[in-house]
Amino acid sequence: MRLPVFFVIGALLLSGCVTEESDDEARDEGVVPPGPVVLPWDLLDCAYVVWGVPVAGDALEPHLPEGFTLGRSDGPLAPVVGDAFLGFESFVCDSGMGLDGRVEGMTYGSLFTSVEPPEDLAIDGIDQYYYKWDPLVPDEPRRLFLQEAGMMARTGTATIDRPVEGLKRAAYTLEGVGSFSLEAPGTAPTPADGGGPFAEFTPLADGGHAVWRADYTTETRGSGDGVFRVDPGSWAAEVLGVTEGRANFNHGTWSFQNGNLTLPS
């Protein structure tokens, strides 16, 4: 899990609508307008499960662009503390921001890790940075728009089976990537306060990066140890060298608020 790293320049209002008429026309035709574009982004009132598997740096580093280094995160968004890791996340939210307004019943997932960005991409006031691949974008207009911009935005599903006594299973599928799951007899999360800003980078086809940033707020939180499974045909299985094993996880409820997604020129 995870999330956001980012920049300036708004081409959109908080409603999610493009401000220039020419940009509206370009978007309707499936063409991303020139210049940086900033989309509002949030995920509200989410049940989440985030799990991570320690990984050898030399296996994961080739998936990072030049200038990024693996982080040894001690932040609350990281499921593994003190190690390089490959992270997995399943979110089921009451709503999230779409391309043209709020979308009810939003889901989310990705593959991610903690990083240190190049100095020129660091953001004042943010010390939690993540790199994420293959984000789940279930709402079609936004997904097609991001794909047109060069992002590997995926369709798919995300589910969390969390009876009152605690977590039972979380899973998500990213079309073209694979299916990922965690099973655990987790204890029920307890009330928790916390939050702060974070940033994430996602690769684009031209070698650049989209930058996501937001504030997370925690309502409840629990943790534990469970059994993870990754699709044998996925690049995650190649990086980990296994298709199942033990993983630390965090789960509970939280929101990502006051966020945006910047697509560079």
Side-chain angles (χ1 to χ4, degrees), residues 1-7 36 41 50-91 108-124 126-137 146-147 149-154 156 172 174 176-178 180 197-214 216 228 230-231 233-243 245 247-248 250 256 259-265:
M1 80 80 273
R2 35 95 154 122
L3 284 104
V5 159
F6 325 59
F7 291 113
W41 177 70
V50 179
W51 62 101
V53 183
V55 65
D58 59 1
L60 187 54
E61 283 171 345
H63 293 270
L64 294 176
E66 184 177 357
F68 287 84
T69 59
L70 290 170
R72 304 295 188 268
S73 176
D74 60 358
L77 302 185
V80 177
V81 175
D83 293 310
F85 67 90
L86 183 59
F88 305 83
E89 55 188 351
S90 181
F91 283 73
Y108 174 73
S110 77
L111 303 173
F112 73 99
T113 194
S114 177
V115 295
E116 293 294 335
E119 185 175 349
D120 62 332
L121 295 181
I123 301 169
D124 287 344
I126 292 181
D127 59 10
Q128 292 187 62
Y129 295 98
Y130 301 88
Y131 205 90
K132 68 180 176 185
W133 301 267
D134 303 305
L136 171 59
V137 182
L146 295 178
Q147 289 174 344
M151 183 187 297
M152 296 299 290
R154 306 288 184 170
Y172 64 104
L174 304 173
V177 181
F180 312 94
F198 70 96
E200 297 174 320
F201 300 91
T202 298
L204 300 177
D206 64 1
H209 317 284
V211 181
W212 315 64
R213 65 183 302 168
Y216 73 92
F228 75 87
V230 302
D231 195 308
S234 67
W235 68 265
E238 180 181 354
V239 167
L240 296 176
V242 297
T243 59
N248 295 326
N250 297 327
F256 294 153
N260 58 52
L261 165 60
T262 299
L263 301 169
S265 55

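All heavy atoms count here, side chains included; hydrogens, waters and symmetry mates do not. Quick caveat: nothing in here was measured; it's all calculated off a predicted structure.
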List the steps and the verdict of side chain to side chain contact (heavy atoms under 4.5 Å, CB included) for L263 and L146. CA-CA 9 Å; L263 301 169; L146 295 178; 4.0 Å; yes
Using side chain to side chain contact (heavy atoms under 4.5 Å, CB included), reason through Y129 and L121 one step at a time and then give a plain yes or no. CA-CA 10 Å; Y129 295 98; L121 295 181; over 6 Å; no
Stepwise side chain to side chain contact (heavy atoms under 4.5 Å, CB included) test for L86 and W235: CA-CA 11 Å; L86 183 59; W235 68 265; 4.2 Å; yes
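Looking at residues two or more places apart in sequence or on another chain, you find a side chain to side chain donor-acceptor pair (under 3.5 Å) between Y131 and H209. For F228, there are no ring-ring contact (aromatic ring centres under 6.0 Å, His included) partners at least two apart in sequence or on another chain.
With contacts defined as side-chain heavy-atom distances shorter than 4.5 Å, the pair T202/S110 does not qualify. Under the 4.5 Å side-chain criterion, counting only non-hydrogen atoms from C-beta, W133 is not in contact with M152. Within the 4.5 Å cutoff, side-chain heavy atoms of S234 are placed close to those of F180. Between L136 and F91 the shortest side-chain heavy-atom distance does not fall below 4.5 Å. Side-chain contact between V55 and T113 is absent, with no heavy atoms from C-beta onward closer than 4.5 Å. Between P203 and H63 there is no side-chain heavy-atom pair separated by less than 4.5 Å. Residues V242 and V53 are not in side-chain contact: their nearest non-hydrogen atoms beyond the backbone lie 4.5 Å or more apart. With a 4.5 Å cut-off on side-chain heavy atoms, N248 and F85 do not count as touching.
The heavy-atom pair separating G109 from L174 by the smallest distance is O-CD2, 4.4 Å. Here the closest non-hydrogen pair linking A247 and G52 is CB-O, 3.6 Å. Contact between P264 and L204 at its shortest, heavy atoms only, is CD-CD1, 3.7 Å. Closest heavy-atom contact between P197 and I126: CB-CG1, 3.9 Å. Residues R213 and W41 share a closest heavy-atom pair of O-CE3, 4.0 Å. For the pair L111 and A236, the tightest heavy-atom approach, listed with the atom from each and the gap, is CD1-CB, 4.4 Å.
With hydrogens and angles ignored, the 3.5 Å screen pairs no side-chain donor or acceptor of E116 with any backbone N or O of T69.
Using a 30° and 60° split on the angle between ring planes, F88 and Y172 fall in the tilted class, from 30° to 60°.
With values rounded to the nearest 0.5 angstrom, M151 atom CE is found 10.5 Å from D134 atom CG.
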